[in-house]
Novice: 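Quick one: the structure is below, and I'll ask about it shortly.
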Amino acid sequence: MLLKKSFIGLKKTKLEYEALKGELPIPVFISGGTLDNENFNTLNLEALESISAHISGKPSFNVFTNSEKKINTIVICGCESDLLTITNQYVLRTKANEIDKGIKVLREATGVDNIVIVIPSHLESFCSSIQAEVKIVDNVYPSTLPQMISKDILGKIVPEGKTYEDVGLFFLSSETVAAIGGLALGKVSLNKLFTFINKDGNKTLVSAKIGTPINEILEHFNVKLEDMDRLIFGGPMRGICIYDTKHSILPDTDTVIVQDKSNVNFASDISCINCGECIRICPVKMPVNMLIRYLAGRQYEDGANMYDLYCCIECGLCSFVCVSKIPILQYIKLAKHELEHARKAEV
Amino acid sequence: MNTKLIVSPSPFIHNGDIILKRSCQTIFALLPALLAGFYYYGISAVAVVSLSVSTAMIWELIMNYLTKQPVTIGDGTAALIGLTFSMLLPATTPWWAVLIGTFFAIIVARGIFGGIGGNPFNPSLLALAVLLISWPDMFDFNEALLNYDFIYNMMDPLSAVKRFGSSGVSSFDMFNLLIGKQAGGIGSVSGIFLIIGGIYLIIRGFIRWEISLSFIIGIIITSFLFNISDPNKYAGPIIHILSGYTLIGVFFLATEDSSSPVNFIPMIIYGLCCGLMTVLIRNIGAHVDGIVFGILLMNLVQPLLDKIRPKTIGKVANNYE
Ligand code: SF4
Ligand code: SF4
């Protein structure tokens with residue numbers, strides 16, 4: 001199961017990422033394909049930016065051209081950004097060639113020499129041909145989130161309210177780099193690879209054209225959606241809910257989860273009982289129990305000033321363990337959103 | 001046709017620890033000590049406990065209706081408060097005292113502070129303190145349990161110390177104290193079962209081990225200092241740990257969620273000070289048992305203690321110009 005409790009007495013809930021070891025699964029092909037790359041012979045920043053919407057992951061290269069932020073390291077994530085998914089690992093295992101090519105293109109286009117590829121330890125043997133510094137990341141959530149990688153692996157703590165670009169890091173997934181490499185090798189892929197997780201928890205890799213409506217995929221797998229089911233784009237910790245089956249596969253859809261209504265759990269409006277579970281699990285040591293009291297009372301300003309709202313990296317672990325089932329992450333996002341609004345209104 | 005899907009914020013999974021589970025596990029951990037209490041004190045103990053649990057739940061229900069809030073007795077916390085409260089009472093407690101006690105525990109100590117999670121004090125202890133101050137005679141365990149026919153030396157060791165100095169407890173066999181052959185509250189006399197229950201909760205992670213451990217260390221240090229200063233007057237650490245409300249206090253009362261701190265250093269300070277206050281009150285205060293007021297006092301400073309917290313990673317001082 002998803003859950004493993006370990007550590008006598010200290011009750012740490014360890015959430016491990018799915019590891020793609022052993023035999024490779026074969027992706028189910030739904031639609032799409034590849035075109036020959038005729039238009040972009042020189043892959044410079046403008047060219048990459050102009051087609052970024054068609055590159056899986058939809059990277060934005062703006063930060064290299066028009067901003068004062070100085071990027072000194074490009075980090076390629078060969079690890080997953082959420083639980084249950086295996087997309088990035090699959091790409092890393094099957095497309096080392098393209099990734100290597102992509103890295104060369106990136107080096108030339110951006111002028112950044114320092115390129116790091118971050119992978120879980122079981123994939124180390126697949127990276128030997130890749131011309132980049134290989135770093136091993138822990139296989140426990142949330143260590144692959146950009147802020148955690150930059151803190152634990154690169155030793156750069158992202159200050160509150162700042163992004164990792166402010167500390168000179170630029171993140172790309174291995175799939176994005178492989179797509180860029182594919183371009184350089186003369187192929188434009190129209191497809192997005194993603195992990196499809198059925199109601200019974202079965203995982204399948206699916207390759208479908210970007211823009212395919214989700215109901216085509218559901219039809220292919222014979223999934224019957226019923227009222228009160230949940231359809232999730234993204235992983236179980238950080239994904240978003242889809243309310244319409246006409247929604248299409250996006251360039252950054254790594255995972256699609258169909259959750260049966262019997263597995264759907266609801267948040268509650270019980271107040272915080274001060275059990276401290278959230279504090280113990282928070283990777284950045286936020287005073288979540290105090291913060292939630294302020295946020296629930298809509299004291300967003302105070303929450304930000306006194307209880308470090310902007311340090312949160314939005315991993316969702318606090319909501320995951322909350323005994324009162326408070327949707328803490330939702331409160332945090334709402335607070336940031338409201339503060340943003342207020343700031344805009346002031347200007 | 002349009003399927004109505006659920007749309008809700010992430011995360012979409014939960015580790016399954018909910019309040020009901022916490023309450024049930026705590027009640028489960030209290031059961032051995034409770035059964036031992038039933039064994040020692042018989043049917044009148046059963047009556048006190050049953051009355052306490054049921055009235056606690058009824059008060060909760062009444063509070064829900066009065067405040068027009070959703071009914072919350074389903075989460076088990078009212079039952080838990082009723083249970084811990086009754087386990088502190090002597091088996092001879094009259095019914096009206098139980099009723100008043102649970103009223104104070106549920107309505108005064110918790111309800112008017114906003115229900116679950118809002119209580120600044122441990123509800124059971126607050127209720128007990130009210131009874132203790134209003135009807136002190138009820139808690140003279142030696143008097144209260146006079147009618148029981150015990151085959152062993154049945155005395156409240158703490159009041160023995162208070163009256164006769166540490167020679168008063170020389171007749172207590174440590175083993176008997178451990179298994180509960182002493183006069184005291186229904187569920188608070190059988191040390192060994194309370195320890196088992198407490199350790200179970202610690203292993204399962206339902207209470208914070210830091211509090212229990214530092215509480216015990218606090219008691220040991222303070223009582224040891226008293227003991228070496230005047231061995232004739234003050235009892236040693238073991239008596240302090242095995243007698244009175246100590247063990248139930250250490251594992252089940254001081255660790256109550258909303259009235260105890262959650263950060264590491266505050267938990268240690270809280271535990272140590274609880275131990276210190278307990279022994280101070282026992283040795284030089286007016287009350288026989290210091291646990292009740294020791295913990296209540298520390299409950300009071302808990303919000304201040306919890307201000308000591310680790311620096312959040314990424315926090316920059318004064319970046320709000
Ligand atoms: S989402 Fe919760 S656990 Fe994660 S960083 Fe933010 S406050 Fe901490
Ligand atoms: S986990 Fe939930 S109930 Fe427990 S302290 Fe954190 S916010 Fe409060």
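Within every chain, numbering begins at 1; the chains are lettered A, B, ... in the order of the sequence lines, protein sequences first and strands thereafter.
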Novice: For A/Lys285, I'd like to know if atom NZ has over 12 heavy atoms of other residues, nucleotides or ligands within 6.0 Å.
Specialist: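 No - once you tally the heavy atoms of other residues, nucleotides and ligands closer than 6.0 Å, there are 12 at most.
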Novice: Heavy-atom distances under 4.5 Å only: say whether B/Asn119 touches chain A with side chain, backbone, both or neither.
Specialist: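 Neither part; nothing is under 4.5 Å.
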Novice: To the nearest 0.5 Å, how far apart are NE2 in B/His14 and OG in A/Ser319?
Specialist: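 The OG atom of A/Ser319 is 8.5 Å from NE2 of B/His14, to the nearest 0.5 Å.
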Novice: I'd like to check B/Lys311 versus A/Cys311 (side-chain heavy atoms, cut-off strictly below 4.5 Å). Are they in contact?
Specialist: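 Heavy-atom side-chain distance check fails, nothing below 4.5 Å.
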Novice: Is the CD1 atom of B/Ile112 crowded by more than 12 outside heavy atoms at less than 6.0 Å?
Specialist: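 For B/Ile112, atom CD1 is crowded (more than 12 foreign heavy atoms under 6.0 Å).
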Novice: A/Gly235, A/Pro327, A/Cys322, A/Gly276: which one forms the most heavy-atom pairs within less than 4.5 Å of chain B?
Specialist: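 Among A/Gly235, A/Pro327, A/Cys322, A/Gly276, the one with the most close pairs to chain B is A/Cys322.
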Novice: Less than 4.5 Å apart, any side-chain heavy atom of A/Leu329 and any of B/Ser10?
Specialist: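 They are in contact (side-chain heavy atoms under 4.5 Å apart), so the answer is yes.
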Novice: For a side-chain contact (heavy atoms from CB on, under 4.5 Å) check, start with the C-alpha distance between A/Val321 and B/Asp17, then their side-chain angles and the critical distance, and finish with the verdict.
Specialist: CA-CA 7 Å; A/Val321 298; B/Asp17 270 359; over 6 Å; no
Novice: With the side chain counted from C-beta on, respond yes when B/Ile13 and A/Leu83 share a heavy-atom pair under 4.5 Å apart, and no when they do not.
Specialist: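 Yes, side chains in contact.
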Novice: Around atom CE of A/Met306, are there more than 12 heavy atoms of other residues, nucleotides or ligands at under 6.0 Å?
Specialist: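 Check passes, neighbour count above 12.
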Novice: Could you measure the distance from the OG1 atom of A/Thr245 to the CG atom of B/Leu5? Nearest 0.5 Å is fine.
Specialist: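 Rounded to the nearest 0.5 Å, the OG1-CG separation comes out at 7.0 Å.
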Novice: Where on A/Asp229 is there a heavy atom nearer than 4.5 Å to chain B: the side chain, the backbone, both, or neither?
Specialist: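 Contact with chain B is through both the backbone and side chain of A/Asp229.
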Novice: Are A/Ile273 and B/Arg22 close enough that some pair of their side-chain heavy atoms sits under 4.5 Å apart?
Specialist: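 Heavy-atom side-chain distance check passes, below 4.5 Å.
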Novice: Testing the basics here: between A/Phe320 and B/Pro11, what is the closest heavy-atom pair and its distance to 0.1 Å?
Specialist: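 Looking at all heavy atoms of both residues, the closest pair is N-CG, 3.9 Å.
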Novice: Taking side chain as everything from C-beta outward and backbone as N, CA, C, O, which of these in A/Ile157 sits under 4.5 Å from a heavy atom of chain B? Side chain, backbone, both or neither.
Specialist: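 Interface part for A/Ile157: side chain.
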Novice: Please name the pair of heavy atoms, one in B/Gln302 and one in A/Asn274, separated by the smallest distance, quoted to 0.1 Å.
Specialist: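 Heavy-atom minimum between the residues: NE2-ND2, 3.8 Å.
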Novice: For B/Tyr65, is the OH atom crowded, meaning more than 12 foreign heavy atoms sit under 6.0 Å from it?
Specialist: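 Open.
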Novice: Look up atom CD1 in B/Ile313 and atom CG in A/Asp308, then write down how far apart they are to the nearest 0.5 Å.
Specialist: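 Reported to 0.5 Å precision, the distance equals 11.0 Å.
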Novice: More than 12 heavy atoms of other residues, nucleotides or ligands under 6.0 Å from CZ of A/Phe221: yes or no?
Specialist: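 Check passes, neighbour count above 12.
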Novice: Between A/Ala267, A/Pro159, A/Cys282, which shows the greatest number of heavy-atom pairs under 4.5 Å with chain B?
Specialist: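 Heavy-atom pairs under 4.5 Å are most numerous for A/Pro159.
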Novice: With a 4.5 angstrom heavy-atom cut-off, which part of A/Val158 approaches chain B: side chain, backbone, both or neither?
Specialist: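 For A/Val158, the backbone is the part near chain B, not the side chain.
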Novice: Show your reasoning for whether side-chain contact (heavy atoms from CB on, under 4.5 Å) applies to A/Ser324 and B/Ile19.
Specialist: CA-CA 6 Å; A/Ser324 295; B/Ile19 297 175; 3.7 Å; yes
Novice: Between NZ of A/Lys224 and OG1 of B/Thr3, what distance do you get to the nearest 0.5 Å?
Specialist: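 With rounding to 0.5 Å, NZ (A/Lys224) is 7.5 Å from OG1 (B/Thr3).
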Novice: Is the side chain of B/Arg208 donor-acceptor paired with the backbone N or O of A/Cys275 at a distance under 3.5 Å, no angle test?
Specialist: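 Here the side-chain-to-backbone pair exists.
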Novice: Rounded at 0.5 Å granularity, tell me how far CG in B/Asp306 sits from CE in A/Met290.
Specialist: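 Going from the CG atom of B/Asp306 to the CE atom of A/Met290 covers 7.5 Å.
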Novice: B/Ile6 pairs by side-chain contact (heavy atoms from CB on, under 4.5 Å) with which of A/Gln259, A/Arg230, A/Lys261?
Specialist: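 Checked A/Gln259, A/Arg230, A/Lys261 against B/Ile6; only one passes side-chain contact (heavy atoms from CB on, under 4.5 Å): A/Arg230.
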Novice: Which bit of A/Ile242 is near chain B, if near means a heavy-atom gap under 4.5 Å: side chain, backbone, both or neither?
Specialist: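 Only the backbone of A/Ile242 comes within 4.5 Å of chain B.
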Novice: For chain A, which candidate among B/Ser8, B/Pro310, B/Ser260 shows the most heavy-atom pairs at distances under 4.5 Å?
Specialist: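 Top option by heavy-atom pairs under 4.5 Å: B/Ser8.
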Novice: Does atom NZ of B/Lys307 have more than 12 heavy-atom neighbours from other groups under 6.0 Å away?
Specialist: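 No, not enclosed.
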